Asker: 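Starting off with a structure, shown below.
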Protein chains: 2
Amino acid sequence: MTSIFHAADANQLLADLPVAERDAFIATCETVQLTFGEVLYQPTQQVTHAYFPIDSFISQIAILVDSRLEVAMAGREGMLGISLVLGVEEAPLLALVQGEGQALRINAANFQRLLLSSPVLHQRLKRYLYVVMNQLANSAACIHFHRIEERLARWLLMTHDRAKTNTLQLTHEFLAMMLGVRRAGITLAAIALQTRGLIRYHRGEIIIIDRQGLIEASCKCYADDCALYSKMLIL
Amino acid sequence: MTSIFHAADANQLLADLPVAERDAFIATCETVQLTFGEVLYQPTQQVTHAYFPIDSFISQIAILVDSRLEVAMAGREGMLGISLVLGVEEAPLLALVQGEGQALRINAANFQRLLLSSPVLHQRLKRYLYVVMNQLANSAACIHFHRIEERLARWLLMTHDRAKTNTLQLTHEFLAMMLGVRRAGITLAAIALQTRGLIRYHRGEIIIIDRQGLIEASCKCYADDCALYSKMLIL
DNA sequence: CGAGTTATGTACGCTAGCGTGCCGACGCTT
DNA sequence: AAGCGTCGGCACGCTAGCGTACATAACTCG
């Protein structure tokens, strides 16, 4: 296990807890390595653990009969298994590891017990839950109204925030699944962003060149999401 | 104020509470009359009250810069002001009264105090919150993938469940705003549903003729929503 | 009754994105 | 070095839905 100090700092939801609560919490967690493509939850299945990503990140995907759509993403700023905060041990969404790395993992029963003994953590996670709900609601509108190009820019920014590098391992195929569009649609949008000098890409690798430009190319939803998170969860 | 018995029975979230908790809760509420078009919350504004609709129902609408989209609906099966359950006194969405009628209203401070003293209610509302989150996530996908006609059918069913009558007061204009599409788009979808003998309509009034047929015409999202609600909140 | 307002029908050209399929290029494996 | 699987560019015709605009038709109010 990594040092407590390091691990504590590594997840934003845990970082600013009172030392005693934080250490108690982290002592109950184990550090796990998540690998690309790993499925942490299947919808309607039982949630046995909550995850607090350190340097990994995870897409949460709604599944209709035959279509899939990413509706939320969790990295070191968030957590997985929020339904446990509501006392529900069922996963609503498919959780797919999109960025490899480590995460703190805690079993459901311990997690729920610790929530009761740590009001500060509990409150903080409820606020996070509020943020996520908001993002879900706004995402619905964003996905409906905004163009692929804007949505792609937003998505790259969200991923960039959670990965530590400018180089993202992503195929057009994968992006198409995330955004719920055709692969060819992604190709066109990617060409547009590359032509504008905002990204560069090549065979399963996308490099963020001009982050500020990407923000301008994305819909306001990106900035709104960030603003809400800061408002609710940054001290 | 209506009789406690009547009022208790009238909102599904409160109906099955232990008698003592229920009566304590309802005694703290006032019954208010909501009128069509009334705005209960503006996004980012402070939430001063929670509402438990009795025979009214309310649309919750996400607002982007220049577009609006209904993302959730609350009637006697639900509540408004769920963010208070999370200890957040801010409204994320525009809450617009869409069906006139009564609701129980409770002030935010009292509500939060009573939550602490009524674990059963608290748990029940957390489960409701889980259901709403799920609906938000699925709605995002539904809105993205499904046709106007299917979505319209679904929306009419949801409204029909919350209104008590087969006759709904709705203009195409209003429906267009709810679904985030053109008025003309609604007209076409409505014509299709009418031609199939599922609804009949005329100048601001839509009559549900064949509920079962509407269910078949709607996307599965309607049935899924209902199933989840039952699973989580019907004893 | 007549004027104004509101709700619905319809039509026009337009655009984003779809489904599909094909090709070439890259890079890994052997 | 050859072969194969993966990735991305591109092109085809097609559809849903857009923005707009205009015409009825139905109610409302004076």
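What you see is a predicted model, and the numbers here were worked out from it, not measured in a lab.
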Asker: What distance separates B/Leu86 CG from B/Leu84 CG, expressed to the nearest 0.5 Å?
Answerer: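 Separation between the atoms: 9.0 Å.
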Asker: Send over the distance from A/Gln194 CD to D/dG8 C1', rounded to a whole Å.
Answerer: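 Roughly 11 Å, once rounded to whole Å.
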Asker: Compare the minimum distances between each of D/dC27, D/dC18, D/dC10 and the side chain of B/His202, then state the nucleotide with the smallest one.
Answerer: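 Shortest atom-to-atom distance from the side chain points to D/dC27.
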Asker: So does A/Arg203 reach the base of C/dC26 with its side chain, donor to acceptor, closer than 3.5 Å?
Answerer: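 It does, because a donor-acceptor pair links the side chain of A/Arg203 to the base of C/dC26 below 3.5 Å.
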Asker: Given that A/Arg182 and B/Ile191 both sit by DNA chain C, which one's nearest nucleotide is further toward the 5' end?
Answerer: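 That would be B/Ile191.
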Asker: Expressed in angstrom and rounded to an integer, what is the separation of B/His172 atom NE2 from C/dT8 atom P?
Answerer: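 Computing the B/His172:NE2 to C/dT8:P distance gives 4 Å.
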Asker: Take A/Asp161 and A/Tyr229, measure what side chain to side chain donor-acceptor pair (under 3.5 Å) needs, and give me the verdict at the end.
Answerer: CA-CA 13 Å; A/Asp161 288 339; A/Tyr229 184 88; over 6 Å; no
Asker: Heavy atoms within less than 4.0 Å of DNA chain D: which residues of residues 139-154 of chain B have one? Give them sorted by number.
Answerer: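 Close to the strand are B/Arg147, B/Ile148.
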Asker: Under the criterion side chain to side chain contact (heavy atoms under 4.5 Å, CB included), which of B/Glu77, B/Lys231, B/Met232 is the partner of B/Val131?
Answerer: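 Among B/Glu77, B/Lys231, B/Met232, the one that satisfies the side chain to side chain contact (heavy atoms under 4.5 Å, CB included) with B/Val131 is B/Met232.
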Asker: Is B/Tyr201 near enough to D/dA26 that one of its side-chain N or O atoms lies under 4.0 angstrom from OP1 or OP2?
Answerer: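 False: B/Tyr201 side-chain N/O out of range (4.0 Å or more) of D/dA26 OP1/OP2.
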Asker: A/Leu188 has an atom CG; how far is it from atom P of C/dA16, in whole Å?
Answerer: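 That distance rounds to 11 Å.
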Asker: Any Lys/Arg nitrogen of A/Glu216 or A/Arg196 sitting under 4.0 Å from an Asp/Glu carboxylate oxygen of the other?
Answerer: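 Here A/Glu216 does not pair with A/Arg196 in a salt bridge, since their nearest N and O are not under 4.0 Å apart.
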Asker: Tell me: CD of B/Gln169 to C1' of C/dT8, nearest whole Å?
Answerer: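 Distance, rounded to whole Å: 16 Å.
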Asker: From CD of A/Glu173 over to P of C/dT20, roughly how many Å is that when rounded to an integer?
Answerer: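 Rounded to the whole Å, the gap is 13 Å.
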Asker: Can you tell which of B/Ile209, B/Leu156, B/Leu152 makes a side chain to side chain contact (heavy atoms under 4.5 Å, CB included) with B/Leu214?
Answerer: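 Single pass found, and it is B/Leu156.
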Asker: So B/Phe174 and B/Phe36, would you call those rings parallel, tilted or perpendicular, with 30° and 60° as cut-offs?
Answerer: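 Rings of B/Phe174 and B/Phe36: tilted, as their planes differ by 30° to 60°.
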Asker: Rounded to the nearest 0.5 Å, how far does CZ of A/Arg105 lie from OG1 of A/Thr48?
Answerer: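 If I round to the nearest 0.5 Å, the distance is 7.0 Å.
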Asker: Let me know the distance between CG of A/Leu69 and P of C/dC18, rounded to the nearest Å.
Answerer: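 Rounded to the whole Å, the gap is 12 Å.
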Asker: Would you indicate what A/Gly185 reaches in the nucleic acid, counting non-hydrogen atoms under 4.0 angstrom: base, sugar-phosphate, or nothing?
Answerer: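 Nothing, no heavy atom under 4.0 Å.
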Asker: Using a cut-off of 4.0 Å on non-hydrogen atoms, how would the nucleic acid contact of A/Ala190 be classed: base, sugar-phosphate, or nothing?
Answerer: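 Touches nothing.
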Asker: Got a donor-acceptor pair under 3.5 Å from the side chain of B/Arg183 to the base of D/dG19?
Answerer: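 No, no donor-acceptor pair under 3.5 Å.
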